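Quick caveat, the model's predicted, so the values are computed rather than measured. Letters A, B, ... mirror the listed sequences (proteins, then strands); counts begin at 1.
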Number of protein chains: 2
Amino acid sequence: MGSMFTLGELERSVMDLLWESSTPMSAYELQDALAASGAAPDTKKLAATTVLTVLSRLEKKGFVGRERASRPHRYRAEGSREDHMAELMHQVLGGASDRVAVLERFIGQATPGETDLLRKLLDTSGR
Amino acid sequence: MGSMFTLGELERSVMDLLWESSTPMSAYELQDALAASGAAPDTKKLAATTVLTVLSRLEKKGFVGRERASRPHRYRAEGSREDHMAELMHQVLGGASDRVAVLERFIGQATPGETDLLRKLLDTSGR
DNA sequence: CATACGTTCTACGTAGCGTAGAAATTGTTC
DNA sequence: GAACAATTTCTACGCTACGTAGAACGTATG
């Protein structure tokens, strides 16, 4: 079974919309939003079933949940984009035998802004 | 074209061996090493051509380089595993609109050991 | 130059994802 | 409650990446 943590292009586009939206969205709203953003899928509207299929797959992967109560089911992201990304980063880090070396490189490659931010965050949270 | 940064299971096994090895390895050495480690590919020996195919693909992806001088070509990893992982982490971070939030989560989810380490690294490198 | 070893070419099976029609379900309206 | 419309689920097909390896080709050496 694939890493279970990777997203295809369309899947990502859908997640981007759901992560952005403060309220759950129906497949039809997503269909329109996707056509509007024109991002990953070109400018033409996808079939509704396509969006539904993707949503089902995302649900199976645990990325979205759905409210079956309302008739057009409404989908919402499980966890924020930031949660997801932070988790991805930890996943990468977790796969390393030598975390010190990885983090060294990570810090080394970071921009000044990022290191500043990290310092700040570590100061705040860590004590 | 796929992200160009993901590795399949066998590809990863090969990279693990190359990353570990201090000297370049021939396809045949890798073939044996893979059978020995028995990690990703079960315990049975893969065909030599299989290993060569994978190595070619890894070369195309820029993960390995080869010395064509010696007759059994010798392959070496381009960049350390740590470099790769750090790059992956930055890649994830780079795809975020709100890095602050991602790094917040990242720090939040980090183990005490990791935060300590980060503090140390930031202290050292930062000035 | 024949032979053995090594490399490249070609190819097939599988799985994930984009895509969507067909079929089933459900809510709604006389 | 039967017909209709909206919605969801089922089924399926094409494409690409990757694991896998045989066939064909190249090359050095006795």
Side-chain angles (χ1 to χ4, degrees), chain A residues 1-18 24-35 37-76, chain B residues 1-18 24-35 37-76:
Chain A
M1 195 179 282
S3 333
M4 206 67 200
F5 281 103
T6 39
L7 296 175
E9 193 165 358
L10 179 54
E11 289 176 335
R12 170 157 296 283
S13 298
V14 169
M15 285 313 298
D16 279 340
L17 288 168
L18 289 179
M25 296 177 75
S26 73
Y28 301 88
E29 290 170 331
L30 284 165
Q31 181 186 25
D32 290 339
L34 284 168
S37 74
D42 49 50
T43 317
K44 105 192 209 324
K45 219 173 179 180
L46 291 170
T49 53
T50 299
V51 181
L52 268 301
T53 301
V54 169
L55 284 168
S56 294
R57 289 177 182 164
L58 287 172
E59 190 185 26
K60 190 172 310 175
K61 291 187 192 181
F63 280 94
V64 310
R66 82 167 87 182
E67 295 169 8
R68 288 191 144 89
S70 60
R71 194 33 172 146
H73 295 179
R74 307 188 84 73
Y75 301 79
R76 84 195 108 61
Chain B
M1 198 179 280
S3 333
M4 207 67 200
F5 281 103
T6 39
L7 296 175
E9 194 166 355
L10 179 54
E11 289 175 335
R12 170 157 296 283
S13 298
V14 170
M15 286 313 298
D16 279 340
L17 288 167
L18 289 179
M25 296 176 75
S26 74
Y28 301 86
E29 291 170 330
L30 283 166
Q31 182 186 25
D32 290 339
L34 283 169
S37 73
D42 48 50
T43 316
K44 104 192 207 333
K45 217 173 179 180
L46 291 170
T49 53
T50 298
V51 181
L52 285 175
T53 300
V54 169
L55 284 169
S56 293
R57 289 178 182 164
L58 287 172
E59 190 185 26
K60 190 172 309 178
K61 291 187 191 181
F63 280 93
V64 311
R66 82 167 85 182
E67 294 169 10
R68 289 193 144 88
S70 60
R71 193 37 172 143
H73 294 179
R74 308 188 83 71
Y75 301 79
R76 82 196 111 59

Minimum heavy-atom separation for [X] and [Y], please, with both atom names.
X: B:Gln31; Y: B:Ala48; value: NE2-N, 3.3 Å
X: A:Arg66; Y: A:Tyr75; value: NH1-OH, 3.0 Å
X: A:Glu29; Y: A:Pro24; value: OE1-O, 4.1 Å

Counting side-chain heavy atoms from C-beta on, which of [options] comes nearest to [X]?
X: A:Arg71; options: D:dT7, D:dT20, C:dG6; answer: D:dT7
X: A:Ala47; options: C:dG18, C:dA20, D:dA21; answer: C:dA20
X: B:Arg57; options: C:dT19, D:dT9, D:dT20; answer: D:dT20

State whether [X] places a side-chain N or O below 4.0 Å from either non-bridging phosphate oxygen (OP1 or OP2) of [N].
X: B:Arg68; N: C:dT8; answer: yes
X: B:Lys61; N: D:dC18; answer: yes
X: B:Thr50; N: D:dA21; answer: yes
X: B:Arg66; N: C:dT8; answer: yes
X: A:Lys44; N: C:dA20; answer: yes

Would you mind reading off the distance between [X] atom [atom1] and [N] atom [atom2], rounded to a whole angstrom?
X: A:Gln31; N: D:dT7; atom1: CD; atom2: P; value: 11 Å
X: A:Met15; N: C:dG18; atom1: CE; atom2: P; value: 13 Å
X: B:Leu52; N: C:dC9; atom1: CG; atom2: P; value: 12 Å
X: B:Leu34; N: D:dT20; atom1: CG; atom2: C1'; value: 13 Å
X: B:Arg12; N: D:dG19; atom1: CZ; atom2: P; value: 11 Å
X: A:Glu59; N: D:dC10; atom1: CD; atom2: P; value: 12 Å
X: B:Leu10; N: D:dT20; atom1: CG; atom2: P; value: 5 Å
X: B:Glu11; N: D:dT20; atom1: CD; atom2: C1'; value: 12 Å

- Message: Using a 4.0 Å heavy-atom cut-off, does B:Ser26 contact any base of the nucleic acid, only the sugar-phosphate backbone, or nothing at all?
- Response: nothing
- Query: Across the strands shown, which category fits A:Thr53 at heavy-atom distances under 4.0 angstrom: base, sugar-phosphate, nothing?
  - Reply: base
- Message: The criterion is side chain to side chain donor-acceptor pair (under 3.5 Å); which residues satisfy it with B:Glu67, sequence neighbours excluded?
- Response: none
- Query: Between A:Glu11 and A:Arg57, does at least one N-O distance fall below 4.0 Å, as a salt bridge requires?
  - Reply: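 Salt bridge: no.
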